[in-house]
Number of protein chains: 2
Amino acid sequence: MYEIETGAICPHAHHALTGPHMDEHTPDTPVDETEAGPDQGRPTLKTIAFMTGLGVTTVSRALKDAPEIGAATRKRVQMIARQIGYRPNRAGVRLRTGKTNVISLILDTEEQVGGFVSDIIYGISEALAKTSYHLIVTPYSRNNDPLEPVRYVVETGSADGIIISRTEPDDKRVRYMIEHGFPFATHGRTDMGISHASHDFDNYEYAAQAVRKLASLGRRRLALLAPPSNLSYYHHMRDGFADAIAECGLTEIPINGVTLDHSIQEVRQKTAQMMRRELRPDGFVSGSGSSTFALVAGTEDAGLEIGRDVDIVSKQSSKLLHLLRPQIFAVDENVRLAGFELARSVMGSIAGKDIASLQTLSKPGDAFQDKQG
Amino acid sequence: MYEIETGAICPHAHHALTGPHMDEHTPDTPVDETEAGPDQGRPTLKTIAFMTGLGVTTVSRALKDAPEIGAATRKRVQMIARQIGYRPNRAGVRLRTGKTNVISLILDTEEQVGGFVSDIIYGISEALAKTSYHLIVTPYSRNNDPLEPVRYVVETGSADGIIISRTEPDDKRVRYMIEHGFPFATHGRTDMGISHASHDFDNYEYAAQAVRKLASLGRRRLALLAPPSNLSYYHHMRDGFADAIAECGLTEIPINGVTLDHSIQEVRQKTAQMMRRELRPDGFVSGSGSSTFALVAGTEDAGLEIGRDVDIVSKQSSKLLHLLRPQIFAVDENVRLAGFELARSVMGSIAGKDIASLQTLSKPGDAFQDKQG
DNA sequence: TCCCAAATCTGAAACGTTACAGATTGAAAG
DNA sequence: CTTTCAATCTGTAACGTTTCAGATTTGGGA
C-alpha cells in the first residue's frame, strides 16, 4: 500500500518510481477532473476527493471541521479518511501555511550532566505525543556562539518554536527571539524585564533548604558548588544559599575556580585541595548529581568521610547518589517534568496563549531523602 | 530581514501577514515575469532569478552544479546566493522530491541507562552537523509495539532514514523496513540472514575479556548481569561469557529474574538475596554502569566488600564507576561514537552505498581500567 | 550560405495543501 | 413569480522546488 511512499523517500529509487507515478495525465487527452485515477501510494486529499466525489477544497475543510461544510458530508469525509489512513502531507502543509509542526530543542553538546538530556527529551516527547508536533534536536557546542543555532532555526524557519536551556539573566537568545516574534520557552528564567514562557526549578528554595538542613546537623562552614556565574540559576542558587547562611548564622567557605560545568577530574582535584586546608568546609551544597560524585571523591581523597567529617546535600536527576554514599542528602529534580512543561509552554506560546499561564516553577519538594533514600 | 519568515511561522500572525505577501500579482494586470517585485522576507530561487535576470530553473541548476550551466553563470549565481544568505526551503524540496533530509532516531522512553541517550544523540548530531540532515526523535514506550513508531515514520515518510536500538536477533522492525525498502541502521546486529547497516559494540569480546580478568584475579564462580534475552547483545554477551568460563575452567552462578532492564531497586534486592546464599558468586560481569550501582549496593547490603569478597567488571558509558568504588574494573563503551557511526551508516544507506561499508563493530579496547581508573 | 549539433538557457507542470473568490443550490421573503 | 440569502460546495492560485520538454544562441562543418 505504501510502496510508492517509501520509494519516493529512498533517493536511489527515485528515477525508477517517479516515472509511472500518477499516470492519469496522458499527454494527448486533457485531464478529466472526474477521473482522478486509481489511488496508489499514500492517500492525499485528492484520493479522498475522488472517493467521495467531492472537491479537494471541500475535503480539506471537512477534515478540519469547518462550519461551512454539511454535517453529513463532514462525517462521510472523516470516515473515509480514517478508513484509508489519511495523514496530511507535512511538506504540503508546511509549504502552504509556513507551519512546520516542529519544536526545536537546542542542546549544548558539551553537557556533562548524565541523564539530563534523556529526561528532558522524554518529557518533551510525552507532551508532544498526542499532538502533531515533532521534536527536532539542534545541537551546538558551548565553544561556539549560542545564538547561532537559534538564528539558524529562526532564519530558516525550521521549527515553529524553540526550547533553550542554560538561560542567562540577560540572554541574547531570548532578546533575539522576542525581537523576531519567534515563539520559545526557556529552561530557566531571565531577568530582562520581559515576560516569556519558561520553566524553572526553584534553586533559591533548594539551596536555602539545603543550608538549613546542614545547619540542623550542626554544620557551620558551608561551601556551595554552583553553576557557572553567567547562568541565571547561579544567582538563584547563590542567593538562596547566602540568605540561609545569614539566617542561620553560618559562614561560607567559597569554592573558587570550579563550577558544575567543570569536569569531574577538575572538581575532584579542587575539592581534595580544599579539604586538606585548615579551614575546610564541613558541609557541601551541590547543584548536580555528577558533580557530587567528584565532590565525594575529592573529599575522600583528603582522607575525610561523608557523614562524619562533612555532610553533603545535592540535587540529582537520576537516583544514583544514595547508592554512591547513603549518607548524602539528595533532592530530586524532575527533569522529565521540566521537559514536559517546557513543551507545553512553547506550544502555548505558539498558540498565542497568555504568557502568565506558560511560566512554571518547580518546587524542590520535601524530598530531603535521609540515609535510606 | 526575516520578518516575514518568522511571521509566517507564528500561526497567530497568519492572517495579518499573508495578505500583503508578494503583491506583484495585481488582479487586473497580468503578471509580468521580468519584474519579480522587490525581494522581501526570506530569499527564494525567485529572488535570485530576479537579481540575476535568469530563470528559476537556471538558478536551481546553477546552485547544484549542473553541467549544462555555463561556468560564469554558475559562479555568479552561487556568489549572489551566498551573499544574500539563500537557504533552500525544506518544505519545497521535500514536497517536490520526497526527500525530507531528516533522520529519525527511534527511542525507547523507558530507557534506564543514564547518559546513553544523550551521548548517542550527540554522536548523531556530530555526524549530521555538516550535512543538510536534521535529527528528529521519535519516542515509543517499551510497553507498546516497537514496530509502531517505525511504521509511523515509514508510512508518513517523515524521515529519509531510521536509527533503531534494542535490536533483536529476529527483528520485525528490520524486516518491515527491508520489505519497504526503507533505509535504516541498527544499534546492534541481527541474525536474520540479511545484511544491513549497523553499528555494534563487541559484547562477546567484552564478556570474554571480563571473565579472563576475573579468572586472573583468582575468581572462580562468576555471575553475569545480562540484558533481557530478547535483545541481540544478550546472546553475544552470554556467548562470550560462557566460552571464556569454559576456557578458564570456571563455573557460572546464574542470575535469575533480573536483567539490565530492571530497576535499580530490583537488581539491588536480587543481588543482596543472592549474595547471602551459600554458593554465591565471587565475581560479577555487568553489562551496564547503572546496573552496577545496584550490584554494588546489593553486595554491600549482604555485608560483602567489593575487591575483597567479590570483584566486578562492568561496562560504563559515563565515567562514574571508579568514583563509586575504585575497585571496580570498568570498560568504556563509547556511545557517542556509536551515534556517530550510526548516523554515518544510515546516511550511507540512504545514499545506496555498499552495505559492507556500513557495518562497524567497536572493540572493547584494552581499557580494563585498574583500581586507579 | 545553410544546416546541425552543442551549449545554455527557459517556461510549464507538478508535488499536497489551504485561502480566496466565486458558483450552485434550495428555500424563505417580497 | 421573482428576489434574496444562507448553506454548501467548487476551481484556481499560490507556497518553493525540481523535472520535463523545449527554446534560443553559438559555432563549426559542409
Side-chain angles (χ1 to χ4, degrees), chain A residues 4-5 8-9 14-15 17-19 21-25 27 30-31 33-34 36 41-49 52-64 66-74 77 86-101 156-157, chain B residues 4-5 8-9 11 14-15 17-19 21-25 27 31 33-34 36 41-49 52-64 66-74 77 86-101 156-157:
Chain A
I4 290 295
E5 172 56 20
I9 273 162
H14 263 175
H15 303 305
L17 279 164
T18 43
H21 197 56
M22 280 282 179
D23 45 357
E24 33 172 333
H25 296 230
V31 186
E33 296 296 359
T34 58
R42 212 173 125 194
T44 70
L45 290 180
K46 207 161 149 192
T47 315
I48 302 180
T52 55
L54 297 164
V56 287
T57 304
T58 310
V59 174
S60 172
R61 294 165 106 105
L63 285 176
K64 45 175 53 66
E68 61 266 51
I69 302 295
T73 311
R74 193 161 44 211
V77 169
Y86 168 76
R87 305 274 205 154
N89 180 304
R90 304 196 125 231
V93 175
R94 181 166 170 175
L95 182 56
R96 179 61 235 244
T97 66
K99 176 133 211 261
T100 63
N101 281 298
T156 64
Chain B
I4 290 295
E5 171 58 17
I9 273 163
H14 263 172
H15 303 305
L17 279 162
T18 43
H21 198 55
M22 279 282 177
D23 46 356
E24 35 173 334
H25 295 230
V31 187
E33 296 296 357
T34 57
R42 211 172 126 195
T44 70
L45 290 181
K46 207 159 149 193
T47 315
I48 303 180
T52 55
L54 297 165
V56 287
T57 305
T58 310
V59 174
S60 172
R61 293 163 108 106
L63 285 176
K64 44 176 53 66
E68 62 267 50
I69 302 297
T73 310
R74 194 161 44 210
V77 168
Y86 168 76
R87 303 276 205 154
N89 179 305
R90 304 194 124 231
V93 176
R94 182 165 170 174
L95 182 57
R96 177 62 234 244
T97 66
K99 178 133 208 259
T100 64
N101 281 299
T156 64

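We name chains A, B, ... by the order of the sequence lines, and we start the count at 1 in each one.
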Asker: Output the single nucleotide from C:dT10, C:dC15, C:dG16 whose closest atom is nearest the side chain of B:Arg61.
Answerer: C:dT10
Asker: Closest to the A:Arg96 side chain: D:dC9, D:dT17, C:dT18?
Answerer: C:dT18
Asker: Just jot down the side-chain hydrogen bond (donor to acceptor under 3.5 Å, both in side chains) partners of B:Arg94, sequence neighbours excluded, or say none.
Answerer: none
Asker: Tell me the interatomic distance from A:Leu54, atom CG, to D:dT8, atom P, rounded to whole angstroms.
Answerer: 13 Å
Asker: Side chain of B:Thr73 only, please: which of C:dC9, C:dC15, D:dT10 is the nearest?
Answerer: C:dC9
Asker: Determine whether B:Leu45 and B:Leu63 make a side-chain contact, defined as any pair of heavy atoms from C-beta on separated by less than 4.5 Å.
Answerer: yes
Asker: Check every atom of C:dT10, D:dT12, C:dC15 against the side chain of A:Thr57 and return the nucleotide holding the closest atom.
Answerer: D:dT12
Asker: For the side chain of A:Lys46, counting heavy atoms from C-beta on, which of C:dT10, D:dC9, C:dC15 is nearest?
Answerer: C:dC15
Asker: Applying side chain to side chain contact (heavy atoms under 4.5 Å, CB included), can you list everything that pairs with A:Arg87, at least two apart in sequence or on another chain?
Answerer: A:Arg42, B:Tyr152, B:Thr156
Asker: Would you name the heavy atoms of A:Gly157 and A:Thr100 that are closest together and state the gap between them?
Answerer: O-CG2, 3.2 Å
Asker: Can you measure A:Leu45 atom CG to D:dC15 atom P for me and round it to whole angstrom units?
Answerer: 19 Å
Asker: Please report how far the helix from C:dT1-D:dA30 to C:dG30-D:dC1 bends, comparing the axis fitted to its first five pairs with the axis fitted to its last five, to the nearest 10 degrees.
Answerer: 70°
Asker: To the nearest 0.5 Å, tell me how far A:Arg90 CZ sits from A:Lys99 NZ.
Answerer: 9.0 Å
Asker: Backbone N or O of A:Ile48 within a donor-acceptor pair of the A:Thr52 side chain at under 3.5 Å?
Answerer: yes
Asker: Where each residue is assigned the nucleotide of DNA chain D containing its nearest heavy atom, which of A:Val56 and A:Ala71 is assigned the position nearer the 5′ end?
Answerer: A:Ala71
Asker: Check the distance between D:dT18's C1' and B:Leu63's CG and give it to me in whole angstrom.
Answerer: 12 Å
Asker: At under 4.0 Å, does any side-chain N or O of B:Ser60 touch on OP1 or OP2 of D:dT18?
Answerer: yes
Asker: Between C:dG16 atom C1' and A:Asn101 atom CG, what is the distance in whole Å?
Answerer: 14 Å
Asker: Please name all residues satisfying side chain to side chain contact (heavy atoms under 4.5 Å, CB included) with A:Leu95, sequence neighbours left out, ordered by chain then number.
Answerer: B:Asn89, B:Ala91, B:Leu95
Asker: Could you check how far CZ of A:Arg42 sits from C1' of C:dT17, rounded to whole Å?
Answerer: 12 Å
Asker: In whole angstrom, what separates B:Lys99's NZ from C:dA14's C1'?
Answerer: 20 Å
Asker: Between atom CD in A:Glu68 and atom P in D:dA6, what is the gap in whole Å?
Answerer: 14 Å
Asker: Quick check: closest heavy atoms across B:Gly55 and B:Ala49, and the distance to 0.1 Å?
Answerer: C-CB, 4.0 Å
Asker: Less than 4.0 angstrom between a side-chain N/O of A:Thr58 and OP1 or OP2 of D:dT10, yes or no?
Answerer: yes
Asker: Please check: side-chain N/O of A:Thr97 versus main-chain N/O of A:Val93, any donor-acceptor pairing under 3.5 Å?
Answerer: yes
Asker: Expected output is a numbered-order residue list: members of residues 88-95 of chain B with a heavy atom under 4.0 Å from any atom of DNA chain C. What is it?
Answerer: B:Leu95
Asker: Between A:Ile48 (CD1) and C:dT17 (P), how many Å, whole number?
Answerer: 8 Å
Asker: For B:Arg61, which residues count as a side-chain hydrogen bond (donor to acceptor under 3.5 Å, both in side chains) partner, sequence neighbours excluded?
Answerer: B:Glu68
